[in-house]
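Worksheet: one structure, shown below.
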2 protein chains.
Amino acid sequence: MAGRVSDEVVFGAVLAVIAEQGYERATTRAIADAAGINEATLFRRFTSKQNLLRQAVRSNFTGFALDLDAPGDDVEADLLTIVSYYARLYETRGGVVLTLMREAKFSPEVASVLAEPESLLERVDEVILHHQRRGALVVEPPRHTFFALVGPLMMRSFARRVDKRATQAPADPAAVVRRFLHGHRA
Amino acid sequence: MAGRVSDEVVFGAVLAVIAEQGYERATTRAIADAAGINEATLFRRFTSKQNLLRQAVRSNFTGFALDLDAPGDDVEADLLTIVSYYARLYETRGGVVLTLMREAKFSPEVASVLAEPESLLERVDEVILHHQRRGALVVEPPRHTFFALVGPLMMRSFARRVDKRATQAPADPAAVVRRFLHGHRA
DNA sequence: CGTGAATGCAAGTGTTCGCTTGCATTCACG
DNA sequence: CGTGAATGCAAGCGAACACTTGCATTCACG
């Protein structure tokens, strides 16, 4: 019964268990069970829990591709690309994102894992700066712009973990961008 | 040396340790040390860690008061009241909020504790609806409006846990409201 | 003072964690 | 069929956890 389970399947199990249980409760036993392999095999293949998490996050984030190589003349289109990406991320991995953000402050091992999503953010910064220079966006630290753009989306996604009854539908990226640019005044 | 420490002081220590360390790492030893009492005393007075957490969160949230009894003609002023409240909450208890959102999904205890913040949200809903009816705000589910308003603030506060180098300053509530109403177009 | 309740202190309980080890089984591949 | 590497399985290690216990000390209050 040595049916080999691919790394990808194991990584998927890691993220699923973390999303459901949190990092501390995502025990190696639970992960092994979810992946359908033996706990000892987990350590023989991935060395440690930290390394396993790092590889799982890396695999997930490289799987997500964000294409914003060539920012152009259309702010709305470029922001929509960014918002759509994060909308998908929070929809599929909201629990993981929430857990990692919470854990990052006191767990260096989690913080180091977040270096890769961070590098993605730097590319987002450049797109925002590009449009600021074009005079299409308010000039401010690009990270502030990013938080203002994506914050509503993130909060709505996180709120669904607490608030069962309201706002079950995910936000529409196009509407988010439009409101971001034009404001909420009627 | 049996100097008695009040419950309020212990609750403060609980929330401080949770905000700094996270729920799992907020060990009963760490809480006892932070409160300046013995670990055994903690259990003699509060029975269990879970019960201690429940009392601490309850005590903290009933302490926060938000005054928006009389929404008037000034959207900007009313939204500023709301944003200022949540800015203060995230600044002082951001770590706790993050932890509770994360924990809510698999801990009925935590979820039940969140009923009190929820009742506050219902009052916020009414203020938003009031200004929607006046024609001062885009008409949409009020919770969506709320997430769009406060999301940028929350995300910026949470991001500081991950992103050490950038945007250390807390957001200015007045600026948040202004951008929310008028948009980010330059 | 005197006394009872609350506390500090140190040691210990049982459980669970990340991680390891020894050995039998299985599979891919020549 | 033969062989070596990967796996399953069961047991266990040391550490950390929530929580307990016995006893000496302290304090509030009469």
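In what follows, chains carry the letters A, B, and so on, assigned in the order in which the sequence lines appear, proteins first and then strands, with residues in each chain numbered from 1.
- Between the CG atom of A:Asp33 and the P atom of C:dC17 there is a distance of 11 Å, given to the nearest Å.
- Look at NZ on B:Lys49: it is 9 Å from C1' on D:dC17, rounded to the nearest Å.
- Rounded to an integer number of Å, the gap from CD1 of A:Ile31 to P of C:dC17 is 11 Å.
- Aromatic rings from B:Phe46 and B:Phe11 are positioned such that their centres are separated by under 6.0 Å.
- Taking for each of A:Asn38 and B:Phe43 the nucleotide of DNA chain D with the nearest heavy atom, the 5'-most of the two is the partner of A:Asn38.
- At least one side-chain heavy atom of B:Leu120 sits under 4.5 Å from a side-chain heavy atom of B:Tyr86.
- Picking from C:dG18, C:dC9, D:dT7 the nucleotide with the shortest atom distance to the side chain of A:Thr41 gives D:dT7.
- Rounded to an integer number of Å, the gap from CG of A:Leu42 to P of D:dC9 is 14 Å.
- With rounding to whole Å, B:Glu39 atom CD is found 16 Å from C:dG12 atom P.
- Summarising the base pairing, D:dA11 is matched to C:dT20 through a Watson-Crick or G-U wobble pair whose two defining distances lie under 3.5 Å.
- Base-pair partner of D:dC29: C:dG2 (Watson-Crick or G-U wobble, both distances under 3.5 Å).
- Between A:Arg45 and D:dT7 there is a side-chain N or O to OP1 or OP2 distance below 4.0 Å.
- We find that CZ of B:Phe46 is positioned 14 Å from P of D:dC19, with the value rounded to whole Å.
- Under a hydrophobic clustering in which Ile, Leu, Val, Met, Phe, Trp and Tyr are joined whenever their side-chain heavy atoms come within less than 4.5 Å, directly or via other members, B:Val97 and B:Leu121 fall into the same cluster.
- Summarising the geometry, the separation between CZ on B:Arg29 and C1' on D:dC19 is reported as 9 Å, rounded to the nearest angstrom.
- Between B:Glu118 and B:Arg123 no salt bridge is recorded (no basic side-chain N to carboxylate O distance below 4.0 Å).
- Rounded to whole Å, atom P of C:dA6 lies 13 Å from atom CG of B:Asp7.
- A 3.5 Å limit on both hydrogen-bonding distances identifies C:dT15 as the Watson-Crick or G-U partner of D:dA16.
- The side-chain heavy atoms of A:Leu100 and A:Val57, taken from C-beta on, include a pair separated by under 4.5 Å.
- Along DNA chain C, the nucleotide closest to A:Thr27 and the one closest to A:Arg44 are compared, and the more 5′ of them pairs with A:Thr27.
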